[in-house]
Participant: 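I'd like to ask you about the structure that follows.
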Amino acid sequence: MDATNNASAGVPISIEEFKKADHKKKIRFGLIMGIFCALYWGVWYVPGYAIWGFDSFLHLDMSAKGISSDLETLLDCLFLTCINATACALVLFIWNGALGKLREWKRTLIEVKAASKYFMLAGLCGACAVYGTYIAVTFLSPGFAAVAGLLYPIIGTIMSVLYLKQKVSKRGYLSIIVLLAGGITLYAGSMITGDVGSNATLGAIGGIMAAVGWGFEGVVAGKALDVCEPDVGLHLRFCFEAVFWWIVMIVLICLGYPMLDTIGQIANPSVFLAVLLIGLSFAWCYVTWYKSFPFLGVARGQAVGSLYAACAVIFLIIFFGPENALHYNDDSMLIIVGSTIAGLIICLIGSFLIATEDTEGMVSLKDTSKILGGDKE
């Protein structure tokens, strides 16, 4: 009978047993949040990919500006990233309003030195990641984009050790090596076959942006979550990202680019539904992602969340079919499908290694000698 059962049965337990039982409970909750993050994150790729099918919504006409089709697509991705951030910010306004946390949101916003500056940085890192994801989806394939971001736990783990002073075991470092091997395997198929996507180089750059952006965002958010409520901090992160993208949009409009010509199409019921699903799935993904960090640590939380790749590929194949999801043809099918499956399996093994690490070695996730706001900068 474990410590929790002993306590419920009225049997006296030691403080050490209580701490271990409480720690296991927190780890269990963090793992549940990480799994839900993976599910919501995987679902997000479905409306995020489907929305490109509405010709009247995206596909901005830039021919009058004399720019290339690749630049047109990059501007389309930028517009969609802005819509994504705005939709998530609005959804979280409703969420925090229902929870009665808007006053806490205001207080956290004012505390710039303690928290807001970190969520501003998190918003910029997230903007880089989401924009990179849409670039990878467009120029390579949604399946590639879904698994390219699997490299982000590597960045997050390295930075959490160097910056947050969080502890990572030998098993954790082994999982990083396995994830790196999986990422290299994943990239191999798409880079060998040059006929996948309209611009494989831009697609690969987008995948790198996603990995680096989400890796750094987790570390920055983990720093701020020491003194802030996750739902509120997350909301601030999306507000800052939305403001950033709208500033970029206004600059482009002033330069003569027709970035808002398509905004009225959101009133179309089909387009509105796709935008709503994008906002809901991504907002809930982030809610659970941010909640996992205080309980698991950044490295472990990101590793569990990286299971989104499996969910994304499954959902994309279900809704769009394997050929559309992975963008292969008869000549490249074996290479693309083979490398994607192999890379995904290897990365999942890496995630499994860190997610199933013995909790006894995770009692202290962080060096508490420095507390946010207490150390001199």
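The shown structure was predicted, so the numbers you read here are calculated from the model rather than taken from an experiment. Nothing fancy with the numbering, it's 1 onward along the sequence.
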Participant: Take a 6.0 Å sphere around CZ of Phe315 and say whether it holds more than 12 heavy atoms from other residues, nucleotides or ligands.
Facilitator: yes
Participant: List the steps and the verdict of side-chain contact (heavy atoms from CB on, under 4.5 Å) for Tyr286 and Leu92.
Facilitator: CA-CA 10 Å; Tyr286 260 84; Leu92 289 170; over 6 Å; no
Participant: When you look at Trp95 and Leu99, which way does the side-chain contact (heavy atoms from CB on, under 4.5 Å) test go after all the steps?
Facilitator: CA-CA 6 Å; Trp95 170 247; Leu99 295 178; 3.4 Å; yes
Participant: When the ring centroid of Trp284 is compared with that of Phe36, is the distance short of 6.0 Å?
Facilitator: no
Participant: Taking all heavy atoms of Phe119 and all of Cys228, pick out the closest pair and write down the distance.
Facilitator: CE1-SG, 3.5 Å
Participant: Under 6.0 Å from the CZ atom of Phe320, do we count more than 12 heavy atoms belonging to anything else shown?
Facilitator: yes
Participant: So, does His235 use its side chain to make a donor-acceptor pair with the main chain of Trp105 at under 3.5 Å?
Facilitator: no
Participant: With rounding to the nearest 0.5 angstrom, report the OG1 to CG distance, Thr73 to Leu78.
Facilitator: 12.5 Å
Participant: Do Tyr131 and Trp214 have ring centroids that are under 6.0 Å from one another?
Facilitator: no
Participant: To the nearest 0.5 angstrom, please state how far the CG atom of Leu31 sits from the SG atom of Cys37.
Facilitator: 12.5 Å
Participant: Students often mix this up, so state it plainly: with edges at 30° and 60°, are the rings of Phe282 and Phe238 parallel, tilted or perpendicular?
Facilitator: perpendicular
Participant: Not counting sequence neighbours, which residues clear salt bridge (Lys or Arg N to Asp or Glu O under 4.0 Å) with Lys101? List them please.
Facilitator: Glu229, Asp231
